[in-house]
Structure formats: C-alpha cells, structure tokens
Trainee: 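Let me begin by handing over the structure; questions about it come next.
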Amino acid sequence: MTLPQRTRPDSDAGLRRALYSGTVFLLPATESSLRLVDYARASLESELGPDPRTAHERYDDAELFDRIGRVRKHVYTEPAAQRLLRDTAAAVGFAPDRTAFDPARLRAILHGAQHNPRAAPVYYPHRDTWYGHPGSVVTIWTALDDLTPSETFVFYPERFARLVPNDSEIFDYDDWVSRGWSLKIGWQDRDASLKARYPQVTGAPDFGPETGFSCRAGEVLLFSGSHFHRTLPQQGLSRFSLDARLVHLADHAAGHSAPDVDNRSRGSAVPDYIQPGELDAVAAVE
C-alpha cells in the first residue's frame with residue numbers, strides 16, 4: 001500500500017472504492033480549499049496575531065486555549081465555513097446532493113503539548129470509526145501551512161484491515177453529545193480530557209511500519225476512517241489544520257465501506273452530520 005497517492009481514479013465511484021480499500025489520496029489544492037484555509041487562517045490571526053504558529057510564545061496555556069476555542073467554534077458553526085467545506089469536498093469527488101458531512105474542526109497541535117496531561121488524547125493512535133462513525137466514513141483533511149512529514153501525522157497501513165486491541169466500547173456517541181456540543185466542536189472544555197474517557201489501544205501490539213507525508217497548504221488529504229493513525233508532537237512551531245468526516249449516503253445505505261474490524265463504539269454520528277440540501281435551506285432564509 002503506497003501512501004499517499006497523488007492521482008485519483010477517473011470516476012467518483014472509483015475514488016470511493018479505492019478509499020474503502022485503504023488508498024490514501026493527497027490531491028492538489030482547489031479554489032475552495034484555499035478559500036477555506038484563508039478563512040480559517042484569518043480567524044486565527046484575529047485571535048493570535050499574524051504568526052499563529054508561534055502564538056505559544058505570546059500567550060499562556062489558558063489564554064491560548066480560550067483564544068483558539070473561539071476560532072474553533074466560529075469555523076465549526078458558521079454557514080460560510082460549512083459551504084466552503086462542502087464545495088471543497090465536491091471539488092474532489094463528493095457530490096453535495098449525495099454526501100453528508102460534519103463541519104470542519106480546527107485542530108491545533110501546539111508546540112510541546114505532548115507534555116500537557118490535558119492534551120494526552122490528541123496523541124492516542126486511533127481509528128476515526130472508534131468515535132461513532134461508520135465504516136463508510138472518509139476523512140477530509142487540509143493544512144493551513146506547508147508542512148514537513150514531522151509536522152503532520154502517520155498511518156500504520158498494516159493495521160488497516162487487522163484488529164488492533166482497543167477499548168472503543170467505552171464510547172457512546174449519544175451519551176457524548178448529551179453532555180453538550182462543545183465536545184463535538186473540539187476541545188472547548190479545557191479539562192474535558194481529564195474528565196472524559198477517549199478510546200485508545202489496549203496492551204502493546206505491534207503497529208507495524210509507519211508512513212507519513214508532507215503537504216502544501218490547501219492540499220486535500222482523503223483517507224478512510226478505518227485507517228489506524230497517530231498525530232505527531234510538535235516542537236518549535238505549532239500545527240494548525242482542518243478536518244471533517246464525509247459519508248456518501250448511498251454507499252452507506254448499501255453497506256459499501258472499508259473493513260471495520262475492531263470498532264465497538266455505540267451510536268452513530270451520521271444523523272447529526274449536515275445533510276444534503278441543509279445549507280441551501282439555511283441560505284434561503286439568511
């Protein structure tokens with residue numbers, strides 16, 4: 001399995017089949033992805049100044065958390081950002097009239113945060129499916145800056161279709177969102193990781209070789225939510241990126257999906273995704 005591929009299949013159906021088979025695609029930036037990156041970066045700069053990657057040098061942990069939290073909420077909830085994400089997904093092969101998606105989450109992997117107990121779950125190796133997402137889920141990811149392999153994250157391709165011992169049964173989606181939507185937006189509660197439990201690997205299995213990647217700002221990474229992967233700690237500069245989940249509804253209904261070999265999480269996030277036509281309805285009343 002070569003990761004990532006720079007060229008996608010000719011058809012959208014072929015793209016999805018390849019994703020469900022474990023292929024990871026890193027596709028050229030699109031007009032929409034670059035606009036989404038600019039939107040998120042402008043929001044960050046309004047809170048953190050002109051160089052967000054060095055904001056840890058200017059603010060203490062508590063203030064940095066609050067400032068980034070306001071940006072996370074803005075990017076997640078604003079219809080303008082949601083439309084840019086929808087258009088980005090459409091440009092790489094996920095038609096808006098057939099795709100449900102959750103809004104973009106701003107991820108901030110801060111310099112030295114691996115030493116902060118509050119940030120520990122950020123670095124847990126995991127599959128996205130362990131968080132109430134189906135085997136048909138595809139993750140879409142883009143960086144706000146050009147990044148080297150040490151600044152992104154790594155995949156463990158040998159574990160794509162092989163069981164990884166884990167405790168994903170602790171995650172109940174309905175219970176999770178019943179405690180407030182701030183958790184869905186991502187790390188809005190500074191002490192959430194100290195109070196909640198997040199799925200993680202149990203025991204000490206051999207993950208096999210890891211594969212990383214470099215990228216340019218706005219390039220679009222697509223991968224199956226069944227991929228086992230891990231965020232890398234950052235030193236010197238912080239890393240900011242955007243990600244979301246996509247589900248092609250006809251594939252989901254037909255049972256077309258990646259292998260789902262060890263996910264025991266309960267509930268489903270899909271009903272809470274933005275469904276086809278919802279953003280058009282919002283625009284009609286704005």
Trainee: Check salt bridge (charged side-chain N to carboxylate O under 4.0 Å, His left out) between R162 and all other residues, then give those that pass, not counting sequence neighbours.
Mentor: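 So R162 forms no salt bridge (charged side-chain N to carboxylate O under 4.0 Å, His left out) with any residue.
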
Trainee: Output yes when a side-chain donor or acceptor of T54 lies under 3.5 Å from a complementary backbone atom of D51, and no otherwise.
Mentor: yes

Trainee: Hey, is the main chain of G22 close enough, under 3.5 Å, to the side chain of H227 for a donor-acceptor pair?
Mentor: yes

Trainee: What pairs with D38 under salt bridge (charged side-chain N to carboxylate O under 4.0 Å, His left out), at least two apart in sequence or on another chain?
Mentor: R41

Trainee: Taking the side chain as every heavy atom from C-beta outward, state whether F101 and V138 have any pair of such atoms under 4.5 Å apart.
Mentor: no

Trainee: Excluding sequence neighbours, so at least two apart, what forms ring-ring contact (aromatic ring centres under 6.0 Å, His included) with F207?
Mentor: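 If we apply the ring-ring contact (aromatic ring centres under 6.0 Å, His included) test to F207, skipping adjacent residues, the hits are Y156, F228.
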
Trainee: Check side chain to side chain contact (heavy atoms under 4.5 Å, CB included) between H111 and all other residues, then give those that pass, not counting sequence neighbours.
Mentor: H56, Q235, S238

Trainee: Can H126 and H229 be said to form a side chain to side chain contact (heavy atoms under 4.5 Å, CB included), step by step?
Mentor: CA-CA 6 Å; H126 67 282; H229 58 287; 3.3 Å; yes

Trainee: How close do S33 and G218 get, heavy atom to heavy atom, and via which atoms?
Mentor: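 Heavy-atom minimum between the residues: OG-O, 2.7 Å.
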
Trainee: Applying side chain to side chain contact (heavy atoms under 4.5 Å, CB included), can you list everything that pairs with P259, at least two apart in sequence or on another chain?
Mentor: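 Testing P259 for side chain to side chain contact (heavy atoms under 4.5 Å, CB included), a comparison that skips the adjacent residues, returns F160, A161, V261.
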
Trainee: Among all residues two or more places apart in sequence or in another chain, which pass the side chain to side chain contact (heavy atoms under 4.5 Å, CB included) test with D10?
Mentor: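 Scan of D10 (side chain to side chain contact (heavy atoms under 4.5 Å, CB included), adjacent residues dropped) gives none.
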
Trainee: Apply salt bridge (charged side-chain N to carboxylate O under 4.0 Å, His left out) to R264 and list each qualifying residue two or more places apart in sequence or on a separate chain.
Mentor: E169

Trainee: Sort and list the pairs that fulfil salt bridge (charged side-chain N to carboxylate O under 4.0 Å, His left out) and have at least one residue in residues 127-151, not counting sequence neighbours.
Mentor: R53-E151, R127-D262, D128-R245, D146-R216

Trainee: If only atom types and distance count, is the side chain of E45 paired as donor or acceptor with the main-chain N or O of S43 below 3.5 Å?
Mentor: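 Here the side-chain-to-backbone pair does not exist.
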
Trainee: Applying ring-ring contact (aromatic ring centres under 6.0 Å, His included), name anything that partners F25, two or more places apart in sequence or on another chain.
Mentor: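 Partners of F25 under the ring-ring contact (aromatic ring centres under 6.0 Å, His included) test: none.
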
Trainee: F240: which residues meet the ring-ring contact (aromatic ring centres under 6.0 Å, His included) condition with it, sequence neighbours left out?
Mentor: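 Once residues adjacent in sequence are excluded, F240 has no partner under the ring-ring contact (aromatic ring centres under 6.0 Å, His included) criterion.
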
Trainee: Using the salt bridge (charged side-chain N to carboxylate O under 4.0 Å, His left out) criterion, which residues pair with R8? Sequence neighbours excluded.
Mentor: D12

Trainee: Once side chain to side chain contact (heavy atoms under 4.5 Å, CB included) is applied, do any residues pair with P209, and if so which ones, sequence neighbours excluded?
Mentor: E158

